[in-house]
Amino acid sequence: MKNPAGVKAFGARLRHLREQRGLSQQELADYADVSKMTVHRIETAQFSATIDVLLSLTKALGMPLHELVKCPGMEEAD
């Protein structure tokens, strides 16, 4: 992983957005048509999301991609 700080920041952002909407990991996964394990791995920074998964998450959360990835720490490289 080339940018663990950014992946961790994105995972925290995704968790925050999911919880803000009152969704479980399974519910978000179902809406995004990905596995619950994928959502878990992204939120815990074990997995770097592909653009395909990011686009699915934006649809599920009802927000544009630039808003989904807009979070402090995304630009920080280790």
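Every heavy atom of this structure was used, including side-chain atoms; hydrogens, water molecules and symmetry mates were not.
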Apply side-chain contact (heavy atoms from CB on, under 4.5 Å) to the pair L61 and L14, showing each step before the final yes or no.
CA-CA 10 Å; L61 294 169; L14 181 61; 3.8 Å; yes
Just do the side-chain contact (heavy atoms from CB on, under 4.5 Å) check on R15 and T44 with the steps written out, would you?
CA-CA 9 Å; R15 174 176 276 158; T44 58; 4.3 Å; yes
Starting from the C-alpha separation in whole Å, work towards a yes-or-no answer on side-chain contact (heavy atoms from CB on, under 4.5 Å) for F10 and N3.
CA-CA 11 Å; F10 177 72; N3 189 354; over 6 Å; no
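Of all non-hydrogen atoms in S56 and A32, the two that sit nearest each other are CB-O, 3.2 Å. Residues C71 and A9 come closest through the heavy atom pair SG-O, 3.8 Å.
Residue L65 is grouped with residue L28 when hydrophobic side chains (ILVMFWY) are merged at heavy-atom distances under 4.5 angstrom, including chains of intermediate members. Both M63 and L57 are part of a single hydrophobic cluster, where members link through side-chain heavy atoms under 4.5 Å apart. In the hydrophobic cluster analysis, where Ile, Leu, Val, Met, Phe, Trp and Tyr join through side-chain heavy atoms closer than 4.5 angstrom, M37 is grouped apart from L23.
Rounded to the nearest 0.5 angstrom, T58 OG1 and E67 CD are separated by 11.5 Å. Between Y31 atom OH and Q26 atom CD the span is 11.0 Å, to the nearest 0.5 Å. In this structure, NZ on K36 lies 7.5 Å from OG on S24, to the nearest 0.5 angstrom.
With a 4.5 Å cut-off on side-chain heavy atoms, V7 and S48 count as touching.
Few gaps surround CZ on F47; more than 12 heavy atoms of other groups in view lie less than 6.0 Å from it.
R13 is linked by a side chain to side chain donor-acceptor pair (under 3.5 Å) to nothing, counting only residues two or more places apart in sequence or in another chain.
At a threshold of 4.0 Å, the pair E27-R18 does not count as salt-bridged, since none of the basic side-chain nitrogens sits closer than that to a carboxylate oxygen.
Exactly one of K8, Q25, H16 qualifies for a side-chain hydrogen bond (donor to acceptor under 3.5 Å, both in side chains) with E43. That residue is Q25.
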